[in-house]
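Right, one structure below, let's go through it.
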Amino acid sequence: MKTYKTNIRINVLLALGLIGILASCKPQDFTVPDADQYNKVFMQSAAQSPVAVNVEMEDNWFNIPFGAGFGGVNLPQSDIQVKFKADPALVAAYNLANGTKYPIMPAGSYELSETSVTVKKGSSSSNSISLKVNPSKFTGIIAHLLPISIESVSNGTPINNSLKTTYYLVKGSYSVNPYPRINRATWSIADFSTDENESVTAGGRAIHAIDNKLTTFWASQWRAAKPRPPHHITIDMGGVEKLHGVYIYNRLDASGLPKSNGNPKELTIETSLDGINWTYLQAYSSVPNLVENELWLDVTQEARFFRIRVNQSHADFYGTHITEINAF
């Protein structure tokens, strides 16, 4: 028993002594040799690739803020100037690497509010400047890409090359369509794959797609022949127009609702200046079965002719029909 108590006393004294020794120690500074070699400047926004921004399609300048960051063991010991530049030459490489086809923002549709920022002494981030974008100067509602890169840094501070460039992907959209319907007085049917002559008043003929009557319609053959898609109809507008998109007024049933089968679901729209060389094609999938569909072209086209090709109808019906075709 005596030995046991003695051991307890010894252990307690040792523990108290150790605590006293630790309490008397002062924390030591931790120094990294050549710490400046780890310092780098970068774009914080470059970690997100691309930075997607949606704006209203209007003649207005929208500001997208950005700046620079500083990373390293220690904070900067003096001010650092960081200069930026728009870098459109990088778009082609980005599209190739990512399997995309984004167009470059056109010259005149963007500008930088300033070209440089300052990371202040003792700070890890800079002030902000802006990429200013005017979507009314885009080629259409398609998303446009613009890279912004760090061009140079003062004081010889290295650039983090993996975070050197931010890719801004800006898409404009309309809350309300501002474009009037194109006057159809000079329109005619240039070509069609098939139609059905049900009657002069009821419909079936291709010309009924532009006769301004909701009681008639163009339809693919359904009597002697029942060809399956694709079915197409080509419009000659009689002159060159700036084409932003197409309206398709679908065939309705007796209750005034869109027919459950036959209205276009999967289709393409092509454009041409001469009706021979078709220079633009856009595909539309899962088009809803509405009374009227508003189909925008991603890229506005100068065109005299446009062709609608229906590859699949609702309910996977063999035929298709359209009551009226308009454009804007």
Side-chain angles (χ1 to χ4, degrees), residues 27-56 58-98 100 102-139 143-172:
Q28 300 297 311
D29 292 333
F30 180 71
T31 302
V32 176
D34 299 321
D36 287 347
Q37 68 177 309
Y38 301 105
N39 296 339
K40 288 187 178 181
V41 170
F42 60 95
M43 290 187 75
Q44 301 100 319
S45 52
Q48 181 182 351
S49 182
V51 174
V53 180
N54 292 308
V55 296
E56 183 71 13
E58 60 186 33
D59 189 4
N60 191 20
W61 289 93
F62 295 88
N63 294 311
I64 305 171
F66 68 92
F70 177 89
V73 176
N74 302 314
L75 293 174
Q77 302 303 301
S78 61
D79 291 354
I80 301 174
Q81 303 295 320
V82 183
K83 188 176 181 181
F84 293 94
K85 67 174 181 179
D87 217 351
L90 297 179
V91 171
Y94 180 94
N95 282 331
L96 182 62
N98 293 278
T100 53
Y102 296 126
I104 302 169
M105 286 187 199
S109 70
Y110 66 87
E111 59 184 48
L112 299 182
S113 62
E114 303 286 343
T115 58
S116 63
V117 297
T118 302
V119 179
K120 292 288 189 180
K121 175 183 176 181
S123 178
S124 61
S125 61
S126 73
N127 60 301
S128 292
I129 58 176
S130 293
L131 166 63
K132 302 174 62 123
V133 177
N134 189 327
S136 72
K137 303 179 185 298
F138 286 0
T139 59
H144 288 67
L145 191 67
L146 182 70
I148 301 293
S149 296
I150 297 174
E151 182 176 21
S152 61
V153 179
S154 67
N155 299 343
T157 306
I159 300 170
N160 183 337
N161 287 321
S162 64
L163 296 174
K164 177 183 179 180
T165 301
T166 300
Y167 293 86
Y168 290 97
L169 185 65
V170 181
K171 178 176 174 58

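Atom set for the values below is all heavy atoms of this structure, side chains included, hydrogens, waters and symmetry mates excluded.
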### Closest contact, heavy atoms only, V153 versus I150
CG2-CG2, 3.9 Å
### Task
Taking Q77 for its side chain and L75 for its backbone only, find out whether a donor-acceptor pair lies under 3.5 Å.
yes
### Message
To check you understand the geometry: which heavy-atom pair defines the closest contact between A143 and Y102, and what is its length?
### Response
O-CD2, 3.9 Å
## Note on the structure
Heavy-atom closest pair (P135 atom, E56 atom, distance to 0.1 Å) is CG-O, 3.4 Å
### H144 to I104 - nearest heavy-atom pair and separation
CD2-O, 3.5 Å
In a table with atom names and distances, give each donor-acceptor pair under 3.5 Å that connects a side chain of residues 58-70 to protein atoms at least two apart or in another chain.
unit_1: E58; atom_1: OE2; unit_2: N60; atom_2: ND2; d: 3.2
unit_1: D59; atom_1: OD1; unit_2: N134; atom_2: ND2; d: 2.9
unit_1: D59; atom_1: OD1; unit_2: S136; atom_2: OG; d: 3.4

#### Entry: F138 vs P103 side-chain heavy atoms within contact, under 4.5 Å
no
### Query
From Q44 CD over to S124 OG, what is the distance, rounded to the nearest 0.5 angstrom?
8.0 Å
### Message
Does any part of the side chain of L131, heavy atoms only, come nearer than 4.5 Å to the side chain of L146, both counted from C-beta?
### Response
yes
### Query
When you look at NZ of K164, are more than 12 heavy atoms from neighbouring residues, nucleotides or ligands closer to it than 6.0 Å?
no
### Nearest-0.5 Å distance, CG of residue L163 to CD of residue Q48
12.5 Å
### Message
Test of understanding: with side-chain hydrogen bond (donor to acceptor under 3.5 Å, both in side chains), list the residues that count as partners of Y94, not counting sequence neighbours.
### Response
none
Pair up each side-chain donor or acceptor in residues 80-93 with any protein partner under 3.5 Å, not counting sequence neighbours, and list the distances.
unit_1: Q81; atom_1: OE1; unit_2: T118; atom_2: OG1; d: 2.9
unit_1: Q81; atom_1: NE2; unit_2: T118; atom_2: OG1; d: 3.1
unit_1: D87; atom_1: OD2; unit_2: S149; atom_2: OG; d: 3.0

### Query
Just how far is it from atom OG of S49 to atom OH of Y167, taken to the nearest 0.5 Å?
7.0 Å
#### Entry: Shortest non-hydrogen contact from N39 toward G72
OD1-CA, 3.4 Å
### Message
I need the E111 CD to S130 OG distance, nearest 0.5 Å.
### Response
10.5 Å
## Note on the structure
Minimal heavy-atom distance between M43 and T166, with the atoms involved, is CE-OG1, 3.3 Å
### Query
If we only count heavy atoms from C-beta on, is the L145 to T100 side-chain gap below 4.5 Å?
no
